[in-house]
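Numbers here are sequence positions counted from 1. For ligands, and for the atoms within them, numbers begin at 1 and follow the listed sequence.
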Amino acid sequence: MGLGRKFVFGAVLMVAGLALSAGGCALQRLPNVSKEITGPPASPPVLAAFQSDPAIITQQDWQERRAPLLRIRFQSEIYGAMPEALGFEIVSREVLQKPEKGAIGTIERITIALKTSQLGPWTGGRPVVDMILMTPKGKGPFPVIAGGTFCGNDVLLPKQSGTRTADMALPPECGGDAPEFLIKAIFGLHANAPPWETLAEKGYALASWHPGDVVPDVPLVAEPHLKALTPIGTPPDQRTGAIAAWAWTTSRMVDVLSDDPRLDPKRVMLWGHSRHGKAALLAAAFDPRPAAVWALQSGTAGAALGRDDVGEPVADITSTFPHWFAPAYKAYAGKQADLDVDQHQLIALLAPRPVLIGTGRRDQWGDPHGSFRALKGADPVYQLFGMPAFTQSKLREPEDKGVLGFYMRPGLHGIHTEDWDEALSFFDRTAPKASANGPISGLKP
Ligand code: GTR
């Protein structure tokens, strides 16, 4: 076999391997979903009586009675106990790129040790996260878009030395040594790295970290880390799941970002794709500080309704990724209708903050329709906070109004330029105004 042939053969094998290793990933479920909205409304209705809590009438009812009750239920039934928040310590800061001519801005690596109530299996008894922070040129304080990266910091900025993160196990979905062009061909141009230049040009800072620094995304490897993060006294079937641990990590990153005078603490926006979209939503549901969230193809236990038979079933997600959840969640395999909470209630915990849900038309497991209905189901809580009703009737792109937005682009599971374009125009439109020092270039006043 000639070299060229060998290469093509190798590439085909690698594509097949990647597709298979994506496991339950939507890649294998190719048919388009309907362009018309299908499926019943979200249940239970978000303001209706829940357990022994009577129906919600006012914002105060929601904030003081219902929201705390839902947070307890989401932890006990789906995500497991949130680790305790005990703060952080900056271990080191290193400037990887100075804002000199030709550079987009400043790029730093900030090494952060997270404090936990227990001694974990980490070096020094606590998890250490490397955050890569880009601040654009110009005068801040800058709004910042923050989120976990899928495959480690070293693929974030391939041409930038010094970004390598702690040496944690990566999930098989990262494709082993698959070349970057194949990853991009399968999972999109921005599968591994956000559009740094565009963000800098628009006046956004970008914070990225690898959630696997805290809990590696590999089932058996994750287990001791999860146990170490689980608050003492938690029933075993509610031990912290990785999505909860990553959401908690996100909040610690918000601690760090909110303390940085170059950034605007009122404009910390979260984003995440797929499993990290689940974590971004959960983080903002438990933390009032993130100003807005973009969850892309977050699917089951993310933005998609989970009590129906559409999308990725609980049985599949809990057997492929048992470490993501509380062991209790597995009990709903094959009987997800028995759950008494659903994801529209999770989204409602973000009210009145802007939420953009992105989906792909061929990403059947991401469940575009269930995600749209979840936004609709959360809307009454947004209206309780005086937000305009979610009236969007087309799945394709968000309407240019309101703080709830939804889009369904063509294609599969991945992160494309089109996704970032949708997110940036949504953030430009809905992000709060600068809280000091006047407007930021690129943002609408
Ligand atoms: C899939 C998983 C989805 C989604 C996705 C991802 O395999 O079944 O729930 O989270 O992984 O994170 O890419």
List the atom pairs, with distances to 0.1 Å, where a side-chain N or O of residues 40-47 and a protein N or O form a donor-acceptor pair under 3.5 Å, not counting sequence neighbours.
unit_1, atom_1, unit_2, atom_2, d
S43, OG, R307, NH1, 2.8

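- At a heavy-atom distance under 4.0 Å, no atom of T320 approaches ligand 1.
- Close N/O approach between H413 and ligand 1 is found [any backbone or side-chain N/O within under 3.5 Å].
- For the pair H273 and ligand 1, no heavy-atom separation below 4.0 Å is found.
- Side chains of P398 and L356 form a contact here, defined as non-hydrogen atoms less than 4.5 Å apart.
- Not counting sequence neighbours, F74 has no partner by the ring pair (Phe, Tyr, Trp, His ring centres under 6.0 Å) test.
- A donor-acceptor contact closer than 3.5 angstrom is absent between the side chains of T149 and H210.
- Distances shorter than 4.0 angstrom occur between a heavy atom of W324 and an atom of ligand 1.
- Numbered from 1 in the order shown, with element, the atoms of ligand 1 that lie under 4.0 Å from a heavy atom of I317 read 9 (O).
- Only the side chain of K278 comes within 4.0 Å of ligand 1, counting heavy atoms alone; its backbone N, CA, C and O stay farther away.
- A donor-acceptor pair under 3.5 Å is formed between the side chain of K278 and the backbone N or O of S298.
- When all heavy atoms of W365 and D316 are compared, the pair lying nearest together is CH2-OD2, 3.5 Å.
- In this structure, Q297 falls outside the shell of residues with a heavy atom less than 4.0 angstrom from ligand 1.
- For ligand 1 and R275, the ligand atoms under 4.0 Å from any heavy atom of the residue are 5 (C), 6 (C), 10 (O), 11 (O), 12 (O), 13 (O).
- Within the 4.0 Å heavy-atom shell around ligand 1 one does not find T300.
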